[in-house]
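Single-structure report; data block below.
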Amino acid sequence: MTKASKRAGKSTLVDPGQNAALAAGAHSDPFAYLGPHQIAEGRWVLRIYRPGIGQIEVLPPGGEDKPLVLAPMGSEGVYAIELASDPGAYRLRLRNAGTTWEEHDPYRFGPVIGELDEHLIGEGSHLRFWQVLGAHPMTLEGVAGTHFAVWAPSAQRVSVVGDFNHWDGQRHPMRSRGATGVWEIFLPEVAEGARYKYEVRGADGT
């Protein structure tokens, strides 16, 4: 692929409106946009939102390093790359200000709360709500971390914040479980005892 075709293709991988919502901390469905998504037969896109990072690379398991490309103007902080297949259990390599580190992407993991819990919560008959909500250390898809969940039925957006993300509500917006009013996210490598809170954007947008 030529440099010109790479530049031309970038605009098809991102949506300026969704990028703006992420930057404003107002995106209500980040899992539908971030992480890996199939966009056509033999075409996948991987999107990462990390403002202020100098370079991001995706490290597929057993594959070559594939540098993510910073999206076009109007999408500051969103990185994207087109792939020929699902990247699988990838990790990210980040570089900024002379420092390099690797981490998992929370937006590649599926939901934790199951259909039975979702049904019981929806009808108001769940008898062990405390086992679903709050922070629970666990291992998901072979990766240790913590599952966070909170009931906020009127919220437009909920994020989990803590020492692990510098208390930045833009970093980890959560997945809405629809009519249940529950929001959840699994954060890899966040250990038991981590300090956290939930940042909630209410129905009035504040």
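A donor-acceptor pair under 3.5 Å links the side-chain atoms of Gln170 to the main chain of Ala23, judged by distance alone. Although no hydrogens or angles enter the test, the distance criterion places no donor-acceptor pair under 3.5 Å between the side chain of Arg91 and the main chain of Pro60. The backbone N or O of Arg43 sits nowhere less than 3.5 Å from a side-chain atom of Glu82 that would complete a donor-acceptor pair. With hydrogens and angles disregarded, a donor-acceptor distance shorter than 3.5 Å links the side chain of Tyr79 to the backbone of Ile53. Side-chain atoms of His37 come within 3.5 Å of backbone atoms of Leu34 as a donor-acceptor pair (strictly under, hydrogens ignored). In terms of modelled atom types and a separation under 3.5 Å, the side chain of Trp151 and the main chain of Leu133 share no donor-acceptor contact. A donor-acceptor pair under 3.5 Å is formed between the side chain of His27 and the backbone N or O of Asp29. Checking side-chain atoms of Tyr33 against main-chain N and O of Val14 turns up no donor-acceptor pair under 3.5 Å. The closest donor-acceptor contact from the side chain of Asp168 to the backbone of Asn165 lies at 3.5 Å or more, if one exists at all.
A tilted orientation is assigned to the rings of Phe148 and Phe164, their planes being inclined by 30° to 60°.
For Val45 against Ala80, the heavy-atom pair with the smallest separation is CG2-CB, 4.4 Å. Scanning all heavy atoms of the two residues, the minimum distance from Gln156 to Ser28 falls at O-CB, 3.1 Å. Residue Val143 comes nearest to Phe186 through the heavy atom pair O-CZ, 3.4 Å, listed as atom of the first residue, atom of the second, then distance. Nearest approach of Val182 to Ala149, heavy atoms of both residues: CG1-CB, 4.3 Å. Minimum heavy-atom separation, Arg157 to Pro173: CD-CB, 4.2 Å.
Taken from CG in Leu94 to CD1 in Ile48, the straight-line distance is 8.5 Å, to the nearest 0.5 Å. If you take NE2 on His172 and OH on Tyr107, they are separated by 6.0 Å, rounding to the nearest 0.5 Å. Residue Phe31 holds its CZ atom at 4.0 Å from CD1 of Ile185, rounded to the nearest 0.5 Å. Interatomic distance, CZ of Arg50 versus CG of Asn96, reported as 9.0 Å (0.5 Å rounding). Atom CG in Leu92 sits 10.5 Å away from atom CH2 in Trp101 (nearest 0.5 Å). To the nearest 0.5 Å, atom CZ of residue Arg195 and atom NZ of residue Lys197 are 8.5 Å apart.
In this model, no donor atom of one side chain and acceptor atom of the other lie less than 3.5 Å apart for Tyr49 and Asn19. Residues Tyr90 and Asp105 have side chains that bring a donor and an acceptor to within less than 3.5 angstrom of each other.
The side chain to side chain contact (heavy atoms under 4.5 Å, CB included) test with Val160 singles out one residue from Thr146, Leu187, Val150, and that residue is Leu187.
Separation of the Tyr198 and Tyr196 ring centroids falls under the 6.0 Å cut-off.
By the 6.0 Å contact criterion, CD on Glu102 is enclosed, its count of non-hydrogen atoms from other residues, nucleotides or ligands being greater than 12.
Salt bridge status for Arg93 with Glu103: absent, with no side-chain N to carboxylate O gap under 4.0 Å.
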